[in-house]
Structure formats: C-alpha cells, structure tokens
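Residue numbers start at 1 and run along the sequence shown. What you see is a predicted model; the values in this text were computed from it and never measured.
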Amino acid sequence: MGTRQRIVVAGGSLAGHSAVTELVGLVPEAEIVWVTGEPHKTYSKPALSKEFMQARNELAELTLPDVAGDRPRGLRILRGRSCVSLDASGRAVTLDDGERIDFDQLLVATGAAARMPGMLRGVDGVFPLRTLDDAVAIRARLADRPKVAVVGGGLIGCELAASVRAFGLDVTIVERLDTLLDRPFGGALGSYFLDLHRANGVELVMGAMVERVALEEGRVAGVHLADGTEIAAGLVLVGAGSEPCTQWLDGSGLQVGDGVLCDAHLATSSPGIFAAGDVARWTNPIYGLRMRVEHWTNASAQGRAAARNMAALATGRQDLRKAFADVPYFWSDQYGQKIQMVGWHEGHDRVELDRSGDVPGPLARFYRNGRLIAAAGVNAPRVVMRLRRQIEDEARAAEAA
C-alpha cells in the first residue's frame with residue numbers, strides 16, 4: 001500500500017459525514033475512501049418525521065453541506081455502494097459489487113435499520129421510517145388521504161402520528177404498553193403524552209398487539225389485533241424500534257453485541273478500527289456504562305471524536321486523542337410542543353416530577369444513588385440545558401472523589 005495511509009469510512013449518514021469532514025482536515029495526506037451506502041447525499045434524519053413529513057421542508061433543505069466541496073484531494077466517495085464484509089485481521093472490506101479495499105484504519109458508521117415485524121414485511125401500504133426513501137414513499141401515500149394506523153408508540157411512532165394529524169387525517173396508534181414514549185422518557189411523562197395525543201385527535205389503542213394485516217386487492221386495508229379487534233387503515237406506519245447494522249460484520253472477528261463494542265475512545269476490539277453513531281456501543285466515562293445512543297447530536301459529536309482519535313493514530317499527535325464523554329441529548333416536536341431529554345435514565349432509582357407553575361410544562365429529573373443522571377422537559381429548554389450541565393458537573397465531581 002506504500003507510505004500513504006488509507007482510511008475507509010463505512011456509512012454515509014451523519015456520523016460518517018462528520019468523521020470525513022474532520023479527517024480531510026486533520027489527515028490531509030491520507031487517502032480517505034467513503035463508502036456511503038445510500039445513493040443520496042447526507043441529509044437530516046430528524047426532519048423526516050417532522051418538517052419533511054408535513055411538507056414544510058423539501059429535499060434540498062434537508063441535505064447537509066458537501067465535505068470540502070466533496071472533492072478535496074485524496075477523498076474518494078463511493079455513493080450508493082455498501083460494505084458487505086470485513087476481514088479485520090486482513091485489513092480489508094469487501095463491497096457489494098465485489099471490490100476489495102485494503103485499509104490502514106476503518107470507521108464503522110453504518111447506523112441502524114428499522115425493525116419490521118415479520119407479518120408487516122413486504123405488504124403494499126406498510127412502511128417503516130428510517131431513510132429518505134421511506135419518507136418520500138409515505139408522503140406520496142398521504143396524498144390519497146387514507147386512514148392511518150401507527151404501530152408503535154415510541155419516538156418515531158408519536159412524531160409520525162403528530163405529523164399526519166397536521167393534515168387532518170384519521171390516525172390510530174397501536175402500542176403494546178399502557179403508555180407512550182416509555183423507553184426514551186423512562187415512563188415519567190407517559191400520562192402527559194397520552195393526554196397530548198388524545199387532545200389532538202389521535203385514537204389510542206394501548207396494551208395491544210398486532211397479529212396480522214388485513215388485505216384488499218393486494219394492499220393493506222387494516223390491522224387485526226390479538227384480541228380480535230380490527231382497525232381499518234389504508235396506510236400503516238411502523239415505529240417498532242431499530243437494529244444496529246452489524247450483519248455485515250459477521251465472521252469479521254470484531255466484537256459485537258447490540259452494536260459494535262467500543263472503549264471510551266470509540267476503538268473496537270481490533271486495532272485501527274473504530275465505530276461511531278447509531279451502530280456504536282461505547283463505554284461512556286460520564287456514566288461508566290456501555291451505551292448505544294441513536295440521536296442526531298450524538299452521531300455528529302461521535303463522528304468527529306472518532307475521527308480525531310483516528311487522526312491521532314495516523315499522525316502520532318496524541319493531543320488529538322480523547323475519550324468520548326458525553327451527556328446524550330435529543331428533542332422532539334409534537335403539536336407545537338418542544339420536548340427534550342438529556343442524560344441516560346436507565347438504571348435510575350428515583351424520579352422527581354415537577355408540574356408546578358415554575359416550569360412551562362412537565363419536568364422530570366432522574367437520579368441514581370443521589371446523583372442526577374437524566375432530565376426531561378416540555379417547553380423548558382433553558383431548564384433542561386442547565387440540568388445537562390449539572391449532570392456533567394456531578395459526573396466530574398464523582399470521578400474526582
């Protein structure tokens with residue numbers, strides 16, 4: 001391979017985009033090969049379920065800026081091509097067209113894919129929402145003004161329901177639990193979300209499981225629930241969670257478990273191979289836990305952090321090498337309400353819920369062993385950001401003690 005280093009970045013969404021942007025500046029003498037997977041340029045995924053779904057934004061407004069014009073010296077972009085296997089010991093990836101690319105370093109940033117229950121796969125009129133192509137297909141079906149069933153009351157399901165209601169369409173959410181947004185918000189604001197969606201005209205079917213779909217002339221006509229109830233729908237949207245895209249790493253020798261396992265520096269079990277974004281399960285020093293965070297802000301920051309650690313390895317500049325210690329953050333907009341979450345609530349042993357007049361919406365604080373580890377709020381951005389700083393401060397104090 002000669003003296004010029006080759007760095008391969010697998011994955012074209014935000015983590016990959018952020019990493020490549022950083023790498024072309026930090027390691028200008030390296031050859032960088034960016035295998036994007038999707039044919040599209042990198043775009044804003046949070047907008048897919050909100051502004052784009054409501055036709056308030058079009059594709060041009062979603063697309064992120066090119067990486068240094070997308071034509072800096074030494075950058076090769078393979079758009080619409082994917083890595084299908086990795087030989088970690090042989091330092092090479094194989095692409096879907098059979099091309100084998102050797103590397104000195106590799107960043108795995110292949111993200112996550114929508115989880116689709118078997119009975120919903122391949123049915124005309126049933127869609128997940130993970131990619132731009134998914135969003136375009138859903139928007140086209142909304143033009144027919146169908147009745148809509150949303151399977152899953154998590155973040156994507158609730159945002160889709162809110163967006164569809166903006167068109168005045170009939171929407172039913174089917175959720176297997178008794179509350180909405182249980183996982184992202186730890187159940188603390190469940191009653192608020194139930195009231196919010198009901199007040200905006202969404203029919204909620206809670207504690208229910210979809211057993212099969214009803215078909216009419218080959219297209220979806222509704223869903224049958226396990227209790228025998230049938231919900232009519234000409235469009236079914238699935239928000240059943242996601243799975244990290246690690247299948248292509250089978251047999252590679254890389255350690256995988258609900259994502260690619262990484263240390264605090266985002267380094268995997270194989271030297272010179274790093275991971276970032278939705279696919280990475282890394283050890284977060286702030287919490288002393290391994291976590292996989294599927295949020296836009298995390299993908300951006302983590303892509304840059306991985307690139308700096310890779311640059312440190314490539315150039316010997318140890319000042320670039322730093323652990324990725326971050327307080328996770330995400331937001332959601334539903335019916336004009338600004339909903340925010342900071343921190344990592346898993347493992348909490350106490351929750352404080354504030355519905356006083358001192359805050360504009362409900363505010364939840366999550367604690368573990370007396371330490372603030374997460375907070376969630378509605379229409380309270382300043383308070384939530386202040387609590388994020390408090391989480392960081394308490395973590396540093398605990399580490400120094």
Side-chain angles (χ1 to χ4, degrees), residues 46 49-50 54 150 152-166 171-208 239 241 286-287 291 293-298 327-395 397-398:
S49 58
K50 299 184 280 292
Q54 296 173 34
V150 178
L155 196 60
I156 291 296
C158 286
E159 288 184 348
L160 280 170
S163 291
V164 172
R165 281 297 298 153
V171 181
T172 301
I173 293 178
V174 180
E175 166 57 43
R176 62 184 180 83
L177 301 177
D178 292 324
T179 190
L180 296 175
L181 294 157
D182 181 78
R183 183 181 176 190
F185 292 95
L189 303 181
S191 61
Y192 170 82
F193 294 127
L194 289 170
D195 292 344
L196 178 65
H197 281 269
R198 285 192 178 114
N200 283 277
V202 176
E203 183 176 347
L204 301 177
V205 181
M206 310 302 293
I286 287 180
Y287 292 88
M291 57 182 66
V293 177
E294 296 184 71
H295 305 318
W296 186 249
T297 53
N298 178 77
V327 175
Y329 165 72
F330 72 89
W331 75 97
S332 179
D333 294 311
Q334 299 173 33
Y335 311 109
Q337 307 302 300
K338 184 76 170 181
I339 304 162
Q340 295 171 293
M341 180 82 190
V342 293
W344 192 253
H345 66 73
E346 291 184 16
H348 69 267
D349 53 30
R350 180 165 62 91
V351 181
E352 290 182 356
L353 190 59
D354 185 354
R355 288 179 174 270
S356 70
D358 297 331
V359 290
L363 180 73
R365 296 178 177 86
F366 299 80
Y367 297 86
R368 185 174 64 236
N369 298 325
R371 173 180 148 193
L372 182 69
I373 59 171
V378 180
N379 300 326
R382 290 184 181 178
V383 177
V384 171
M385 290 300 104
R386 177 175 55 77
L387 292 173
R388 188 183 193 187
R389 291 192 295 272
Q390 182 180 336
I391 293 168
E392 292 174 340
D393 293 343
E394 291 188 13

Looking at Tyr287 and Ile373, would you say the former's side chain and the latter's main chain have a donor-acceptor pair under 3.5 Å?
yes
Less than 4.5 Å apart, any side-chain heavy atom of Phe366 and any of Leu387?
no
OG1 of Thr297 to CZ of Phe330, rounded to nearest 0.5 Å, is 9.5 Å
Shortest non-hydrogen separation from Ile391 to Ala375 and the atoms involved:
CD1-N, 4.4 Å
Could you tell me whether the side chain of Pro381 reaches within less than 4.5 Å of the side chain of Trp331, counting heavy atoms only?
no
Heavy atoms only: give me the nearest Ala395-Ile286 pair and the separation to one decimal.
CB-CG2, 3.6 Å
For Ala364 and Leu353, work out which heavy atoms get closest and say how close.
CB-CD1, 4.0 Å
Side chain to side chain donor-acceptor pair (under 3.5 Å): which pairs involve residues 380-395, sequence neighbours left out?
Gln390-Glu394, Asp393-Arg396
Tell me the side chain to side chain donor-acceptor pair (under 3.5 Å) pairs involving residues 335-346, sequence neighbours left out?
His197-Tyr335, Tyr329-Gln340, Gln337-Asn379
Taken to the nearest 0.5 Å, the spacing of Leu372 CG from Arg350 CZ works out to 9.0 Å
What pairs of donor and acceptor atoms, side-chain ones from residues 155-165 against any protein atom, are under 3.5 angstrom apart with sequence neighbours left out?
{"unit_1": "Glu159", "atom_1": "OE1", "unit_2": "Ser49", "atom_2": "OG", "d": "2.6"}
{"unit_1": "Glu159", "atom_1": "OE1", "unit_2": "Lys50", "atom_2": "NZ", "d": "3.3"}
{"unit_1": "Glu159", "atom_1": "OE2", "unit_2": "Lys50", "atom_2": "NZ", "d": "3.3"}
{"unit_1": "Glu159", "atom_1": "OE2", "unit_2": "Ser332", "atom_2": "OG", "d": "2.7"}
{"unit_1": "Ser163", "atom_1": "OG", "unit_2": "Ser49", "atom_2": "O", "d": "2.5"}
{"unit_1": "Ser163", "atom_1": "OG", "unit_2": "Gln54", "atom_2": "NE2", "d": "3.1"}
{"unit_1": "Ser163", "atom_1": "OG", "unit_2": "Glu159", "atom_2": "O", "d": "3.2"}
{"unit_1": "Arg165", "atom_1": "NE", "unit_2": "Asn200", "atom_2": "O", "d": "2.8"}
{"unit_1": "Arg165", "atom_1": "NH1", "unit_2": "Leu169", "atom_2": "O", "d": "2.7"}
{"unit_1": "Arg165", "atom_1": "NH2", "unit_2": "Asn200", "atom_2": "O", "d": "3.4"}

Side-chain donor-acceptor pairs under 3.5 Å in residues 171-194, sequence neighbours left out?
{"unit_1": "Glu175", "atom_1": "OE1", "unit_2": "Gly153", "atom_2": "N", "d": "2.6"}
{"unit_1": "Glu175", "atom_1": "OE2", "unit_2": "Leu177", "atom_2": "N", "d": "2.9"}
{"unit_1": "Ser191", "atom_1": "OG", "unit_2": "Arg355", "atom_2": "NH2", "d": "3.4"}

Which residues share a side-chain hydrogen bond (donor to acceptor under 3.5 Å, both in side chains) with Arg368, sequence neighbours left out
none
